[in-house]
**Student:** 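Mind looking over this structure? Questions follow.
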Amino acid sequence: MAMAWPTDFPGLGTGAARLAQRIEAMSGGRIRIRVFGAGELVPAYEVFDAVSRGTVDIGHSAAYYWRSKLPEAQWFGAVPFGMSVHEVNAWLYHGGGLELWQETYQPHNIVPFPAGNTGVQMGGFFKNEINSLEDFRGLRMRIPGLGGEVFRRIGGSPANLPGGELFTALQTGAIDAVEWVGPYNDLAFGLHRAARFYYYPGWQEPAASLEALINAEAWASLPDDLKAIVRAATEVTNQDMLCEYMARNPAALKRLIEEHNIQVRPFPEPVLEALHQAADEVVAELAANSELSGRIHRSYREFQQLLAPYMEISEDAYAKVRKSLSA
Ligand code: CA
């Protein structure tokens, strides 16, 4: 297994390692997986090609990293202002999303499965305060995928760097801001030692799905029971990683604030409005990119619209009521 993250990196790397351990334990050792961090076998952004060619049997990564070769992959990583983690998992497993994902990767000799989720991310670490849209103009920020394109539309200068390069880029001033994941992961990379302002919410990644990529021949070579085991292990990992983030983010945020004096700020409303408007454009353009992209977009949008009235009287209503009653 080649990962797009460093070995043992909290959440992403540890989650992928547990996926490998689960498959080995559930199969009674009939499948053994050796896990390699980014750069050990292949660089982070070459995991897709390595799985496609069969250099490795499995990869663990994020779909939006493949945007230049496969724009449709971006629907399965994170959609700015798109579905939340509960919504997107419902779409993937029970709304036709996973079938579309597998159709998208099929010509590349890869069978993908959801295999982890960070939940809603943070908006990122910024060296300077963001008080208006003007403060985004010319800003150099590490922000990949559709979020990066949205950021470019409102005057920013997006860069896509692998996680392992973020701290140095921020510290040396090569970039002014970084969105990576959230407190648990951002603390681990020490981003707070290079920037002071921590913005929310993570409009760019309301639910970042991670993926297990399996080489199609390797997959086809498995008997049905091992296929069932691998698939089930990815499903467990998809939920388990989310739980790890949910459990670890709050304590990491507390440390950032109390021990490192990080200033946590909401993005100003006009900035979010501009980002939202630009996101609509970017999403519409991606949908118009190909027949397949249009089909994925329709499926995604219809599912989100189907859920919206129910979310309003269930998850959203409950969160509001609990907040107001415990205030
Ligand atoms: Ca991110």
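We count ligands from 1, going down the list as the structure has it; atoms in each ligand are counted the same way.
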**Student:** Other residues, nucleotides and ligands only: do more than 12 of their heavy atoms fall within 6.0 Å of CG on N160?
**Tutor:** yes

**Student:** Check E258 with K254, please: is the shortest side-chain N to carboxylate O separation under 4.0 Å?
**Tutor:** yes

**Student:** With respect to the Ca ion (ligand 1), please indicate if T118 possesses an N, O or S atom at a distance under 3.0 Å.
**Tutor:** no

**Student:** On the ring face of F167, is R193 found with NZ or CZ under 6.0 Å from the centre and within 45° of the axis?
**Tutor:**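 Yes, a cation-pi geometry holds between R193 and F167.
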
**Student:** Identify the residue among Y200, Y199, F197 that makes a side chain to side chain contact (heavy atoms under 4.5 Å, CB included) with V264.
**Tutor:**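 Answer after filtering Y200, Y199, F197: Y200.
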
**Student:** State the atom name: nearest N, O or S atom of E205 to the Ca ion (ligand 1).
**Tutor:**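 E205's closest N, O or S atom to the Ca ion (ligand 1) is named OE2.
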
**Student:** Quick one: angle E179 OE2 - the Ca ion (ligand 1) - W180 O, to the nearest 10°?
**Tutor:**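 My answer is 110°, to the nearest 10°.
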
